[in-house]
Amino acid sequence: MDLLESIRANARKHGKTIVLPEGTEERTLKAANIILNEGLAKLILLGNSDEIAKKANDWGLKKISEATVIDPKNNDRLDFFTDMLFEIRKNKGLSREQAAVLVQDPLYLGTLLIKNGDADGEVAGAINATGDVLRPAFQIVKTLPGVSVVSGAFIMIMKDKKWGDDGVMVFADCAVHPNPTAEELAQIAVVTAKTTKAIAKMEPRVAMLSFSTKGSARHEMVDKVATATRLAREMDPQLLIDGEMQADAAIVEAVGQLKSPGSPVAGKANVLVFPTLEVGNIAYKLVQRLAGAEAVGPVLQGMAAPINDLSRGCSVDDIVNLVAITANQAAGV
Ligand code: ACO
């Protein structure tokens, strides 16, 4: 069974409830129909129920009737969620009046449904920018204990099976935190290793990437990565991690042995941690386009409940896969 099939099979076992705030959007509705048909998750769709029913009918999406539909602008819990949001954000200066407006925003309502225990996770971003999906998640669901920074990993499925473990690698942070400190980068490495085990089902070998391998260049940017490597080892002493190292030293055995002899990671890394978001985002897109890799994600990590963000260019299949991954994260498998 390939990785995506096994992720879908796991999702099916757990019956988690995922909220889709963009419930009237075409790809989302088509994906929802597949998710319900395959039993990957229970769904809450946010949007006007008449509009959803009409679109489902027009497009022949028979399973949509099995989803719970909540209209953010017209539901009997508007006051309840307004109070909830006000309580969570009043110390940040949010007024009750502002909260009453925000709860009608599907991206806010989605995270409030998670906070209230109605849903186990959320997938959005087919029509909303990353920042708009993430902000309510950061404000309402917040991070896991011991984690201060959310980041985004991509599971990269390469055409050439020689890379990573049978062609599968994990890249992070490619989606969220523009310029992490050394401490934050260490956290990103540790949570990415967890994602690698939980979702990609691989034993992580983490390379902390830079433009230098073990002191070959001197610069404060290199120092940051070297410090992050040391901190990550302190956070998780069992973790197979090494750095700083260049990308070729990380993935090409001969170069790894030459530049970092004896390293347990150099030349055989299956997890690449990038020093900044700029590098991570550019790198994953280049590998996706130039090497024809399938980029699954971003899988957001470090949040207290799984919330995942789609690219606005996503396909129906991308949404189905990300919902399955979110259900896996919610089940903690
Ligand atoms: N992890 C956890 N919490 C965070 C993080 C983070 N990485 N970043 C911000 N926060 C929290 C803040 O602490 C703050 O919480 P508080 O209000 O309770 O104090 C809240 O989120 C809002 O913080 P701001 O500083 O106002 O954050 P802002 O909204 O300006 O930016 C954002 C956050 C939207 C994630 C920003 O960092 C961003 O735009 N990142 C880039 C996202 C992006 O465009 N990615 C590339 C595209 S994705 C792709 O190609 C797959």
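Only heavy atoms go into these numbers, but all of them, side chains included; no hydrogens, no water, no symmetry mates. Since this is a predicted model, take the numbers as computed values, not measurements. In each ligand, atom 1 is the first atom listed, and ligand 1 is the first ligand listed.
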**Prompt:** Considering only protein heavy atoms, which is closest to atom 22 (C) of ligand 1, and at what distance to one decimal place?
**Reply:** R135 CG, 4.4 Å
**Request:** Taking only heavy atoms of K285 into account, list the atoms of ligand 1 that are under 4.0 Å away from them.
**Result:** 50 (O)
**Request:** Taking only heavy atoms of F154 into account, list the atoms of ligand 1 that are under 4.0 Å away from them.
**Result:** 51 (C)
**Residue part near ligand 1, for K92, under 4.0 Å between non-hydrogen atoms** = side chain
**Item:** Structural part of R89 in contact with ligand 1, heavy atom criterion under 4.0 angstrom
**Value:** side chain
**Request:** State whether any protein heavy atom lies less than 4.0 Å from atom 34 (C) of ligand 1.
**Result:** yes
**Asked** Is K55 paired with E51 through a side-chain N to carboxylate O contact shorter than 4.0 Å?
**Response** yes
**Request:** Carefully, step by step, assess D79 and T82 under the rule side-chain hydrogen bond (donor to acceptor under 3.5 Å, both in side chains).
**Result:** CA-CA 5 Å; D79 281 344; T82 300; 4.9 Å; no
**Request:** Take every heavy atom of S148, measure it against each atom of ligand 1, and state whether any distance is under 4.0 Å.
**Result:** yes
**Request:** Indicate whether atom 13 (O) of ligand 1 is within a distance of less than 4.0 angstrom of some protein heavy atom.
**Result:** no
**Message:** Which residue in the set I307, V149, V176 passes side chain to side chain contact (heavy atoms under 4.5 Å, CB included) when paired with F138?
**Reply:** V176
**Item:** SB check K54 D50 (cutoff 4.0 Å)
**Value:** no
**Prompt:** Where is the nearest protein heavy atom to atom 1 (N) of ligand 1: which residue, which atom, and how far?
**Reply:** V150 N, 2.7 Å
**Asked** Measuring from C314:SG to I127:CD1, what's the distance to the nearest 0.5 Å?
**Response** 10.0 Å
**Prompt:** Can you check whether a protein heavy atom sits less than 4.0 angstrom from atom 25 (O) of ligand 1?
**Reply:** no
**Request:** Return yes or no for this condition: an N or O of N281 is under 3.5 Å from an N or O of ligand 1.
**Result:** yes
**Item:** Nearest option to atom 36 (C) of ligand 1, as decided by whichever heavy atom of V176, L277, L134, N179 sits closest
**Value:** V176
**Complete:** Closest to atom 43 (C) of ligand 1 by heavy-atom distance, out of G131, P298, A175, is A175
**Asked** Which atoms of ligand 1 have any heavy atom of V149 under 4.0 Å away?
**Response** 1 (N), 7 (N)
**Message:** side-chain hydrogen bond (donor to acceptor under 3.5 Å, both in side chains) for N33 and K30? Distances and angles first, verdict last.
**Reply:** CA-CA 5 Å; N33 198 60; K30 289 182 173 168; over 6 Å; no
**Prompt:** Would a 4.0 Å cut-off, counted as strictly less than, catch a protein heavy atom around atom 29 (O) of ligand 1?
**Reply:** yes
**Request:** Indicate whether atom 17 (O) of ligand 1 is within a distance of less than 4.0 angstrom of some protein heavy atom.
**Result:** yes
**Request:** Report yes or no: does D120 contribute a side-chain atom to a donor-acceptor pair with the main-chain N or O of A327 at less than 3.5 Å?
**Result:** no
**Request:** Could you tell me whether R218 and D223 have a side-chain N and a carboxylate O separated by less than 4.0 Å?
**Result:** no
**Message:** Less than 4.0 angstrom from a charged side-chain N to a carboxylate O is my criterion; do K201 and D165 meet it?
**Reply:** no
**Prompt:** When you check the gap from the basic side-chain N to the acidic O, do R135 and D105 get nearer than 4.0 Å?
**Reply:** no
**Presence of salt bridge, D242 and K259, under 4.0 angstrom** = no
**Message:** Among all protein heavy atoms in this structure, tell me which lies nearest to atom 20 (C) of ligand 1, with the distance rounded to 0.1 Å.
**Reply:** F138 CB, 4.2 Å
**Message:** Determine whether E122 and T111 satisfy the following criterion, side-chain hydrogen bond (donor to acceptor under 3.5 Å, both in side chains), listing intermediate values before the conclusion.
**Reply:** CA-CA 7 Å; E122 173 186 286; T111 55; 5.4 Å; no
**Request:** Provide, to 0.1 Å, the distance between atom 51 (C) of ligand 1 and the closest protein heavy atom, together with that atom's residue and name.
**Result:** Y284 OH, 3.5 Å
**Request:** Check whether any N or O atom of Q139, backbone or side chain, sits under 3.5 Å from an N or O atom of ligand 1, and answer yes or no.
**Result:** no
**atom 48 (S) of ligand 1: the protein heavy-atom neighbour that sits closest, reported with distance to 0.1 Å** = T130 OG1, 3.4 Å
**Complete:** Within the 4.0 Å heavy-atom cut-off, what A129 brings close to ligand 1 is neither
**Message:** Using 30° and 60° as the class boundaries, would you call the ring planes of F171 and F274 parallel, tilted or perpendicular?
**Reply:** perpendicular
**Request:** For the pair E244 and T229, evaluate side-chain hydrogen bond (donor to acceptor under 3.5 Å, both in side chains) and give the outcome as yes or no after the intermediate values.
**Result:** CA-CA 7 Å; E244 88 290 344; T229 309; over 6 Å; no
**Request:** Give a yes or no on whether atom 7 (N) of ligand 1 lies under 4.0 Å from any heavy atom of the protein.
**Result:** yes
**Item:** Proximal ligand 1 atoms for P178, defined as those under 4.0 Å from one of its heavy atoms
**Value:** 37 (O)
